[in-house]
J.: 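Below are the structure tokens for one structure; questions will follow.
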Protein chains: 2
Amino acid sequence: MPAPAQFLDFVDKSKDAFIQRLSDAVEIPSISGDPKHREDVFKMAAFLESQLQAYGVETKSVPLGSQNIDGEELTLPPAILGRIGHDKNKKTVLIYGHFDVQPAELSDGWTNPPFKLTRDDATGRLYGRGSSDDKGPVLGWINVLEAHHKLGLALPVNLRFCLEGMEESGSEGLDEFILAEVKKGRDSWFDGVDCICISDNYWLNNRTPCLTYGLRGLTYLKLTVSGPGKDLHSGVFGRMVHEPMTDLIAIMSKLVDPSGKILIPGVDEMVPGPTPEEKAIYEKLDYSIADVEDSAGGKVALSADKAAVLMGRMRSPSLSLHGIEGAFYGQGAKTVIPAKVSGKFSIRLVPPMTPDNVNPLVIKYIQAEFAKLGSKNKLVIEDLHGGKPWVENHKHWSYEAAKRATEVRTFHPNSPLALIYKQTPDLTREGGSIPVTLTFAEALGVNVLLLPMGRGDDGAHSTNEKLDISNFIEGTKLLGTYLYEVSQA
Amino acid sequence: MPAPAQFLDFVDKSKDAFIQRLSDAVEIPSISGDPKHREDVFKMAAFLESQLQAYGVETKSVPLGSQNIDGEELTLPPAILGRIGHDKNKKTVLIYGHFDVQPAELSDGWTNPPFKLTRDDATGRLYGRGSSDDKGPVLGWINVLEAHHKLGLALPVNLRFCLEGMEESGSEGLDEFILAEVKKGRDSWFDGVDCICISDNYWLNNRTPCLTYGLRGLTYLKLTVSGPGKDLHSGVFGRMVHEPMTDLIAIMSKLVDPSGKILIPGVDEMVPGPTPEEKAIYEKLDYSIADVEDSAGGKVALSADKAAVLMGRMRSPSLSLHGIEGAFYGQGAKTVIPAKVSGKFSIRLVPPMTPDNVNPLVIKYIQAEFAKLGSKNKLVIEDLHGGKPWVENHKHWSYEAAKRATEVRTFHPNSPLALIYKQTPDLTREGGSIPVTLTFAEALGVNVLLLPMGRGDDGAHSTNEKLDISNFIEGTKLLGTYLYEVSQA
Ligand SMILES: [Zn+2]
Ligand SMILES: [Zn+2]
Ligand SMILES: [Zn+2]
Ligand SMILES: [Zn+2]
């Protein structure tokens with residue numbers, strides 16, 4: 001069922017008002033990672049709660065306890081729950097989003113102050129921290145609510161909201177809350193949810209909307225090699241002692257080869273190759289090697305085959321060597337033999353890989369390789385953190401609804417933007433992780449759809465983060481239309 | 001010819017006065033590496049110049065120009081030249097030493113304020129920055145001058161001095177000065193020099209005096225691998241692009257193996273194995289694997305064979321991996337793919353190795369290995385700095401004189417310290433470098449002897465640097481006695 005024309009019309013006519021609301025939201029520097037801004041995260045929570053209430057949503061602000069930062073006890077921002085609609089004949093959609101943002105300073109290289117929304121009508125862009133990650137998408141839902149409220153239209157589905165303020169800082173407290181809430185059964189605010197929709201990722205490129213059905217997991221490990229009791233001078237001790245850096249570099253060189261192949265036996269092998277049907281998804285994606293290299297800023301793609309490169313990111317594990325702690329890292333030429341060095345690396349995981357089945361292979365291999373070195377130094381392997389990968393059934397009705405909403409939406413014929421969305425969305429998997437996705441999927445046992453609003457070049461977490469005005473406005477229409485399509489699924 | 005008893009007597013009786021002079025010197029924080037202390041280096045130069053003058057030495061303070069530090073032009077401390085004696089029938093000995101010191105702060109972990117000489121009679125130690133490196137040894141020569149001046153004794157040789165104030169900061173300006181001075185021929189302050197004696201290194205252990213006849217050279221290289229235009233997120237780009245860290249670690253792992261063997265073809269092979277006579281020197285050294293491991297602070301010696309371990313330091317090249325610039329080096333778990341990383345490593349050189357004959361082998365090998373990786377990243381190899389090794393003829397009369405001075409010195413029979421020196425000195429080579437040694441050796445074409453005053457555990461450049469009172473006093477006697485032995489050589 002297409003969305004009613006009056007909804008689409010309302011969205012078009014509210015463009016300036018919607019942008020003003022995003023501007024108000026961006027001006028609250030709700031940086032969850034900076035204790036000095038914790039008050040602002042609370043302020044942002046209150047802002048959203050009052051918006052939800054204004055458009056008829058019942059809300060609840062859920063305290064999530066406190067965290068300890070450098071010995072200081074800091075109250076966590078609340079999760080904001082919302083519910084509207086209790087019609088048993090309608091589907092119930094749970095919306096997740098987050099209202100905290102990454103740090104940003106003008107001095108990081110921003111062209112304009114990051115906490116002031118800068119509208120550039122020449123390029124059609126809205127610059128500001130959180131514009132795309134994730135205030136824009138969250139306000140997209142508020143826009144949908146406002147339209148229906150002001151037009152006196154009933155929503156086509158029951159909606160539930162779960163908005164958090166610690167996503168950029170490990171979602172502290174949220175998993176525990178979700179699991180506890182789900183246990184309440186009929187009393188849970190998540191009771192009766194049929195599917196989940198999260199708008200917190202990006203199109204693969206700057207042209208084609210996409211639906212995302214997978215995220216990689218992660219295992220992050222630290223290898224520490226130690227031996228001497230203190231840093232040594234290479235003039236005095238060079239070729240007298242086993243040097244920890246020599247051993248560490250030898251081990252790190254045995255983890256991954258320059259083509260990206262993981263050298264730990266059994267790891268790459270855990271992942272079955274793509275079926276022809278799956279391979280076809282990657283062949284069809286609107287993406288090119290030039291897109292990869294443009295976004296990486298260098299001609300360094302691992303292959304000239306688009307599908308191979310995309311599968312590397314979306315359906316393959318990857319091992320990256322991040323750096324070394326404890327060795328000389330400055331400019332210049334210090335002749336030190338560091339006494340204790342730690343190599344950091346991580347492996348992105350895809351099903352059926354999990355930290356639990358991958359880590360033992362990694363640890364066994366590294367210990368065996370270290371033993372072969374014949375060094376008198378000591379090796380310690382630590383697991384710093386990890387998370388499981390997630391892959392969703394993209395043939396589920398929620399995905400079908402989102403696909404239809406992207407393909408067939410009845411734009412006003414005179415809108416120049418209509419062409420953007422009148423197309424089949426890309427079906428993507430992300431190389432990174434949004435851990436709450438897996439928590440919801442497992443706790444509620446329902447389908448989760450990632451339905452991004454922003455483009456691939458939005459620069460979430462970077463300087464000059466932006467959201468295109470067209471993505472904000474058309475994206476609002478898409479979110480609303482998705483609900484209508486779900487109602488018919 | 002042994003030194004006259006009245007000289008030895010004078011030294012013993014002057015112990016407190018000599019320590020007081022060292023105390024006055026240590027109180028001048030002549031840190032050459034810190035512009036805030038540049039005035040103190042000048043003050044220290046003036047202090048020494050007046051001491052030399054007081055004992056009859058003609059002096060000259062030589063300006064060495066200026067250096068640019070962070071855009072600020074800073075005048076270099078002068079070199080202090082001295083000369084006493086113009087007897088054509090006597091040998092002429094040139095003494096080099098330095099009066100600048102390494103930085104030191106109480107907060108670095110010093111037990112006592114570093115710029116106050118702390119005398120601990122229980123352990124017989126004098127603690128303070130510069131006590132051993134190199135104010136103690138320089139004042140040892142001043143003590144010898146004072147004794148002869150006050151006793152009205154003629155010195156057995158003509159003496160020349162060259163004392164500098166930038167040794168801890170690359171000896172800026174000194175090489176150029178030495179070369180220019182030597183060119184003056186008969187007008188040079190170095191005219192007629194028969195041998196050079198430098199007291200600026202340490203015994204191999206804490207028990208046995210030594211004569212040092214070799215220093216390793218150095219070539220310090222930086223390998224930079226770059227490709228992406230900016231740091232990338234491993235979730236987004238992992239297994240899509242060639243990662244600079246993977247390539248760099250692969251190359252760094254091919255330079256040296258955990259046993260210390262250098263993997264660059266032709267490098268280890270440049271150094272011929274030891275002759276039986278040379279091997280005997282190492283077998284005889286008063287040193288054990290326990291000494292190595294005590295000073296390294298860990299049981300990490302490369303071999304259980306003492307001679308093999310000592311040859312590793314003294315007569316073998318060594319390759320140390322120092323660290324990586326541009327990669328994540330902090331604590332925690334950042335999932336970054338760094339865009340540009342630079343590995344730093346150095347090779348200590350022994351004859352016939354020089355940076356000029358070693359670097360081409362290193363560069364050719366690394367370029368070939370990098371090509372094998374098949375990476376689209378770029379590699380740049382930079383030569384950060386280097387210096388040639390030095391090995392002296394230890395059968396020269398100057399070494400023979402120093403050996404006799406150490407072996408047969410007529411102590412007062414009732415001195416409990418007599419036993420320390422009544423032995424054949426160890427004949428050592430140092431693993432590090434004192435670049436001025438080579439400059440003097442090449443510019444003057446005469447034998448250079450390194451005759452250390454301090455012990456192996458003095459901790460030059462470390463916290464709690466110390467000089468044993470016995471080393472200061474007996475060392476003063478040794479320096480004086482050496483001059484008498486030289487006069488007979
Ligand atoms: Zn986000
Ligand atoms: Zn984010
Ligand atoms: Zn020194
Ligand atoms: Zn020094």
Side-chain angles (χ1 to χ4, degrees), chain A residues 216 220 227-230 232-243 245-247 249-250 252-253 256 258 260 292 296-302 309 312-313 316 318 320-325 327-331 333-337 344 346 348 373-377 384-385 431-433, chain B residues 216 220 227-230 232-243 245-247 249-250 252-253 256 258 260 292 296-302 309 312-313 316 318 320-325 327-331 333-337 344 346 348 373-377 384-385 431-433:
Chain A
R216 289 197 288 192
Y220 199 111
K230 60 185 178 205
L232 304 175
H233 188 282
S234 71
V236 182
F237 286 95
R239 211 147 182 172
M240 295 244 285
V241 298
H242 288 281
E243 301 189 12
M245 268 294 273
T246 304
D247 297 348
I249 296 284
M252 290 177 82
S253 76
V256 60
V292 182
K299 297 203 172 300
V300 289
L302 282 171
V309 170
R313 160 172 162 180
S316 303
S318 64
S320 295
L321 306 172
H322 301 299
I324 293 173
E325 185 182 336
F328 172 51
Y329 59 81
Q331 298 190 322
K334 250 174 102 170
T335 54
V336 70
I337 297 172
K344 315 277 183 81
S346 67
R348 298 277 167 182
L373 301 183
S375 172
K376 291 185 190 166
N377 290 318
L384 294 195
H385 71 87
S433 48
Chain B
R216 289 197 289 192
Y220 199 111
K230 59 186 177 203
L232 304 175
H233 189 281
S234 70
V236 182
F237 286 94
R239 211 147 183 173
M240 297 242 285
V241 298
H242 288 281
E243 301 190 13
M245 267 294 273
T246 304
D247 298 348
I249 296 284
M252 289 176 83
S253 76
V256 59
V292 182
K299 298 202 170 299
V300 290
L302 282 171
V309 169
R313 159 172 162 181
S316 304
S318 64
S320 295
L321 306 172
H322 301 300
I324 293 173
E325 184 181 335
F328 173 51
Y329 59 82
Q331 297 190 323
K334 251 175 102 170
T335 54
V336 70
I337 296 172
K344 314 279 183 77
S346 66
R348 298 278 167 180
L373 300 183
S375 172
K376 293 185 189 164
N377 291 318
L384 295 195
H385 70 87
S433 48

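Note that the coordinates shown come from a computational prediction; the quantities given were computed from them, not determined experimentally. The sequence lines fix the lettering, A, B, ..., with proteins before strands; numbering per chain opens at 1.
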J.: Who among B/Ser433, B/Pro258, B/Gly374, B/Ser316 has the most heavy-atom pairs with chain A under 4.5 Å?
T.: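 Most heavy-atom pairs under 4.5 Å with chain A: B/Pro258.
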J.: Can you tell which of A/Lys299, A/Lys230, A/Arg216 has the highest number of heavy-atom pairs within less than 4.5 Å of chain B?
T.: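 Highest number of heavy-atom pairs under 4.5 Å: A/Arg216.
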J.: Taking the side chain as everything from C-beta on, heavy atoms only, tell me whether A/Ser320 gets closer than 4.5 Å to B/Val336.
T.: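 Answer no - side chains too far apart.
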J.: If I measure from the heavy atoms of chain A, does B/Leu384 come under 4.5 Å with its side chain, its backbone, both, or neither?
T.: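 Looking at B/Leu384, just its side chain touches chain A.
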J.: Using a cut-off of under 4.5 Å on heavy-atom pairs, state which of B/Gly330, B/Gly298, B/Ala296 scores highest against chain A.
T.: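 Among B/Gly330, B/Gly298, B/Ala296, the one with the most close pairs to chain A is B/Ala296.
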J.: Against chain A, work out which of B/Ile337, B/Asp247, B/Ile324 has the most heavy-atom pairs shorter than 4.5 Å and name it.
T.: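 Option with the greatest count: B/Ile324.
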J.: Let me know if B/Leu232 has heavy atoms under 4.5 Å from chain A in its side chain, its backbone, both or neither.
T.: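 When you check distances to chain A, only side chain atoms of B/Leu232 fall under 4.5 Å.
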J.: Using the ring pair (Phe, Tyr, Trp, His ring centres under 6.0 Å) criterion, which residues pair with A/His322? Sequence neighbours excluded.
T.: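 Once residues adjacent in sequence are excluded, the partners of A/His322 under the ring pair (Phe, Tyr, Trp, His ring centres under 6.0 Å) criterion are A/Tyr220.
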J.: For A/Lys334, I'd like to know if atom NZ has over 12 heavy atoms of other residues, nucleotides or ligands within 6.0 Å.
T.: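 No - once you tally the heavy atoms of other residues, nucleotides and ligands closer than 6.0 Å, there are 12 at most.
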J.: For the CZ atom of A/Arg348 and the NE2 atom of B/His233, what is their distance to the nearest 0.5 Å?
T.: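 It is 5.0 Å, given to the nearest 0.5 Å.
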J.: Among A/Val309, A/Leu373, A/Val256, A/Leu321, who wins on heavy-atom pairs under 4.5 Å with chain B?
T.: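 Heavy-atom pair counts peak at A/Leu321.
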J.: What part of B/Thr335 gets closer than 4.5 Å to chain A, counting heavy atoms only: side chain, backbone, both or neither?
T.: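 Contact with chain A is through both the backbone and side chain of B/Thr335.
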J.: Need one label for A/Ser346: side chain, backbone, both or neither, based on atoms under 4.5 Å from any heavy atom in chain B.
T.: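 Contact with chain B involves the side chain of A/Ser346 alone.
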J.: Chain A: which of B/Ala250, B/Gly227, B/Gly312 shares the most heavy-atom pairs with it under 4.5 Å?
T.: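 Winner by heavy-atom pair count: B/Gly312.
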J.: Where on B/Arg313 is there a heavy atom nearer than 4.5 Å to chain A: the side chain, the backbone, both, or neither?
T.: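 Interface part for B/Arg313: both.
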J.: Do you know which of B/Gly432, B/Ala327, B/Ala301 has the most heavy-atom pairs under 4.5 Å to chain A?
T.: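 Among B/Gly432, B/Ala327, B/Ala301, the one with the most close pairs to chain A is B/Ala301.
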J.: Give the member of B/Gly323, B/Gly431, B/Ala333, B/Ser318 that has the highest number of heavy-atom pairs under 4.5 Å with chain A.
T.: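 Highest number of pairs under 4.5 Å: B/Ala333.
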J.: For chain B, which candidate among A/Ile249, A/Val300, A/Val292 shows the most heavy-atom pairs at distances under 4.5 Å?
T.: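 Result: the option with the highest number of such pairs is A/Val300.
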J.: Tell me, with the steps shown, if A/Met240 and B/Leu302 meet side-chain contact (heavy atoms from CB on, under 4.5 Å).
T.: CA-CA 6 Å; A/Met240 295 244 285; B/Leu302 282 171; 5.7 Å; no
